[in-house]
S.K.: 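Handing you a structure now.
Labels below follow one simple rule: chain letters A, B, ... track the order of the sequence lines, proteins then strands, and each chain is numbered from 1.
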Amino acid sequence: MPEELAATAHQFEDLAQQHEADELGMWVFLGTEVMFFGGLFLGYTVYRHVYFGAFEAGSHLLDLLLGAVNTSVLIASSFTMALSVYAAQKGRKKTLITCLILTMILGSVFLGIKGVEYGQKFHHHLVPGYDFNPEGNFPAHMSLYFSFYFIMTGMHALHMIVGEGLLLVVLILAAKNRFTAAHHATVEVVGIYWHFVDIIWIFLFPLLYLIGGR
Amino acid sequence: MSSLTVDEAPQAASHVHYLNVKFGVKSWLFTTDHKRIALLYLASITFFFFVGGAAAVLMRLHLLTPGGLLVEPATYNKLFTVHGILMVFFFLIPAIPAVLGNFLVPMMIGARDLAFPKLNLLSWYVYILGGLFTLYAVVAGGVDTGWTFYTPYSSTYSNSHVIAAALGIFITGFSSILTGLNFIVTIHKMRAPGLTWFRLPLFIWAIYATSIIFILGTPVLAITIVLVALERLFHIGVFDPALGGDPILFQHMFWFYSHPAVYIMILPGMGVESELITCFSRKKIFGYKFVAMSSLGIALLGFLVWGHHMFVSGQSMYAGMVFSILSYLVAVPSAVKVFNWTATLYKGSISYDAPMLYALGFIGLFTMGGVTGMFLASLGVNVHVHDTYFVIAHFHYIMVGGMVMAYLGGIHFWWPKISGRMYPQGWARFAALVIFVGFNLTFFPQYILGFLGMPRRYAVYPAEFQVLNVMSSAGASILGVGYLIPLIYFIWSMRYGPVASANPWNAKGLEWQTPSPPPTENFEEIPVVTEEAYDYPVREAQVA
Amino acid sequence: MAGHIVSIKLYALIFITLLVMTGVTTAVGYVDLGRWNIIIALAIAIFKASLVILFFMHMKYAGKLPRLVFASTLLWLAILITLTMSDVLTRSWDHPPQGWQSLSTSGQR
């Protein structure tokens, strides 16, 4: 199997070992990502405890419907990503490319909706450090809620953008016939990353949008 | 009996190894060979060590007189900040993992390279980029927050180049993460046939435990720095009490990384120590599993104790009690190591080559640093000596007396493997002694100063402290000379040193089974391991 | 490890479950249940995340190692949050020594 040999980097014994290393590497990397977001979750937990009323009030200023739609869009993108991996495993190039493009489109839709939400916040003067001057009465320290809203969703969006870049690379490699039913670790690894970014959002949605009933 | 053997007839010059396989700057800057990357790290880390050391020398000179000899107080603040940042983030943390770890991990486990060689090279570039940002901050006017960047001073009030320095540390953090990730995957997936977990050299266990801290601690520091930078740029209020933020939260997040970072520094040193002690007493390590497991124990417990830096910060005293108790627990695995090394020495056939002198120095100095750490973990005593020179002396005994000693011991031990040359033993032993004496003269008086109440981070001090301060400064100059001697003879040996054999110390371990310097892929043929680590032949006298 | 193929049927089932759960959690968000709001919302989030991890990310079919990595990460995250909260939650229990009262009450907390 000369093809398989060519795909194996010199430091590995065989392709299987290389796949396992790639996959483990991605899981370890996601461990670092969990801790990175963990710092934000910690800050959020502390201030939510100290300023619960302000956080509740801030949360009620978000558009729950847009948030729910966006969550669904992201879940759909995870679904198409899973289908991409399926297509790669089966060696179906056309399906793979279609699913990857769908994933990228859904990811862009998510970022677009996020942009609309950000626009609303700017319009309503809800941007701490830049223009924080909401209408009417609001509890002290509500700006902290919006600080966390922007930092957490911003960091998430940054990871989405990185993910879009990775998907683009996978797409190009797929178009160049670099993947076979036996050799497609890159698709799987990027898939794992994409699902992880989805999971972060699955937690951000309740933490930011669903504080206290409306 | 000296265990040192030098080849009488130098190996044929035709022997192709990682150093002579390619020449030219490009072959180094684009290399993916873990051994060459280790040397890139060695050069850059040495550079930062001497820059950070220069800042220390200036501080010690300044403190010769009670009124301060050299610089303005504001400049003094910048000096100790530069010293701290460069030494912690650019020397202590990467030194053993990125230099010795990079060089040795694949060889010790019988692999051709790390799992991700390109990531490995990337980590060096990331390190250099972070270093450049930090150096820029220094040259542009310096940072005066101390290496700890406490808020709200760093995030709101300081007028110095906080963002550039913080960005430098943020970037360098990714080099740690990449290194740790690489090691974890490599150690899990690429061990030679027969090399089971409990046959691994203890250095590998130590590096593995260190990598866990890299992976799980560094990201928290990264997000903390991001928050400080955002606070500074946009005044979002996260750490600013005027806007409802909690500065103590910064300290929690900072020390969640930075306390375990202490173990990032010392754990690899402990790994080196186990290698040196066994080789130069020609005995199997006493209690292999305990030493191995204590590394993992330290990696976990190290994350449970960070609050002992915050006893006087305004942290709840109930949390303080919890952190105090947990801090005592870390003494257990640390003591397991010290006792097991001592037990290994017992009835060993000890030879006092230069690496062993460093190793013995390590045991004593680390123990002193560790025991004074117990003083500091105690809530009541801590209040008395908090932020005094007692703390300075304590962590320098661990960092310099422990980690730097182990690092130098390791460099001396593996230098024949790295360079293929021997260095002059007499000079090396002399340098080890100079460093030991200089170190103790520098830092022991600081214990006393601290106990008498001299606070850290001040440019002036009361006149009655002068004698001890002059002693400390005198020691610092001896220490400085001591560090320069190895630099000179190592460079000398690269060209003029006698050619080293494959195994000049008659040591066990896969790295000694391949020629010095090793070929690019480390082994002609991947070795098969059939014996436990440190399987030194048992002498008759020992059995009796 | 690599190589286990999950059927499209199962993927679709997971996808639909995730969408339904998103709907449920959003609907609950419109009702004020006091402290139960966050408990329900987080329980659903954990359920959804588990589905994604187990099936989309193939953790169910992965070896021990990814599970170990994942479990230790969660442990470390728990350490970070628990120990920090042990300070934040107990800070108000402190009783300042006599005479310090005026100083401590002028602070924020």
S.K.: Between A/Tyr145 and A/Tyr44, does the ring centroid distance fall short of 6.0 Å?
M.R.: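 For A/Tyr145 and A/Tyr44, the ring centres are not under 6.0 Å apart.
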S.K.: For chain C, find which of A/Leu64, A/Leu210, A/Thr71 contributes the most heavy-atom pairs closer than 4.5 angstrom.
M.R.: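 Highest number of pairs under 4.5 Å: A/Leu64.
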S.K.: Determine whether the aromatic ring centres of A/Phe203 and A/Phe37 lie less than 6.0 Å apart.
M.R.: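 They do not qualify: ring centres at least 6.0 Å apart.
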S.K.: Looking at C/Thr17, C/Ile16, C/Leu18, C/Thr22, which hits side-chain contact (heavy atoms from CB on, under 4.5 Å) with C/Val20?
M.R.: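 Only one of C/Thr17, C/Ile16, C/Leu18, C/Thr22 forms a side-chain contact (heavy atoms from CB on, under 4.5 Å) with C/Val20, namely C/Ile16.
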S.K.: Please determine, among C/Ile44, C/Val28, C/Leu33, C/Thr84, the option with the most heavy-atom pairs under 4.5 Å with chain A.
M.R.: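 Heavy-atom pairs under 4.5 Å are most numerous for C/Thr84.
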S.K.: Could you look at A/Ile200 and say if it's the side chain, the backbone, both or neither that has a heavy atom under 4.5 Å from chain C?
M.R.: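 Contact with chain C involves no heavy atom of A/Ile200 at all.
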S.K.: What part of C/Val69 is in contact with chain A, defined as an atom under 4.5 angstrom from a non-hydrogen atom: side chain, backbone, both or neither?
M.R.: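 Side chain of C/Val69 only, per the 4.5 Å heavy-atom cut-off to chain A.
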S.K.: Please classify the contact of C/Ile46 with chain A as side chain, backbone, both or neither, using a heavy-atom distance under 4.5 Å.
M.R.: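 Contact with chain A involves both backbone and side-chain atoms of C/Ile46.
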S.K.: Could you measure the distance from the CD1 atom of A/Ile75 to the OG1 atom of A/Thr80? Nearest 0.5 Å is fine.
M.R.: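 OG1 of A/Thr80 is found 12.0 Å from CD1 of A/Ile75.
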S.K.: If you count heavy-atom pairs under 4.5 Å with chain C, which of A/Val28, A/Leu42, A/Val85, A/Val34 comes out on top?
M.R.: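 Of A/Val28, A/Leu42, A/Val85, A/Val34, A/Leu42 has the most heavy-atom pairs under 4.5 Å with chain C.
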S.K.: Check whether more than 12 heavy atoms from other residues, nucleotides or ligands sit under 6.0 Å from atom CZ of A/Arg178, and answer yes or no.
M.R.: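 Open: at most 12 neighbouring heavy atoms sit under 6.0 Å from CZ of A/Arg178.
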S.K.: Do you know which of A/Ser59, A/Ala185, A/Gly67, A/Ala76 has the most heavy-atom pairs under 4.5 Å to chain C?
M.R.: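 Winner by heavy-atom pair count: A/Ala76.
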S.K.: Tell me if the aromatic rings of C/Tyr11 and A/Phe79 count as close, with their centers under 6.0 Å from one another.
M.R.: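 That pair fails the under 6.0 Å test.
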S.K.: Please classify the contact of A/Ile199 with chain C as side chain, backbone, both or neither, using a heavy-atom distance under 4.5 Å.
M.R.: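 For A/Ile199, the side chain is the part near chain C, not the backbone.
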S.K.: Please report the C-alpha distance between C/Phe56 and C/Phe15 in whole Å, then the side-chain angles of each, then the deciding distance to 0.1 Å, and finally whether the ring-ring contact (aromatic ring centres under 6.0 Å, His included) criterion is met.
M.R.: CA-CA 9 Å; C/Phe56 281 2; C/Phe15 175 49; 7.7 Å; no
S.K.: For A/Phe110 together with A/His156, are the ring centres under 6.0 Å from each other?
M.R.: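 Yes, the ring centres sit under 6.0 Å apart.
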S.K.: Which of the residues C/Ile14, C/Leu77, C/Asp87 is involved in the greatest number of heavy-atom pairs with chain A at under 4.5 angstrom?
M.R.: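 If we count pairs closer than 4.5 Å to chain A, C/Leu77 comes out on top.
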S.K.: Side chain, backbone, both or neither: which part of C/Met85 has a non-hydrogen atom closer than 4.5 Å to chain A?
M.R.: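 The side chain, not the backbone.
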S.K.: Which atoms of A/Phe205 come close to chain C, meaning under 4.5 Å heavy atom to heavy atom: side chain ones, backbone ones, both, or neither?
M.R.: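 A/Phe205 touches chain C through side-chain heavy atoms alone.
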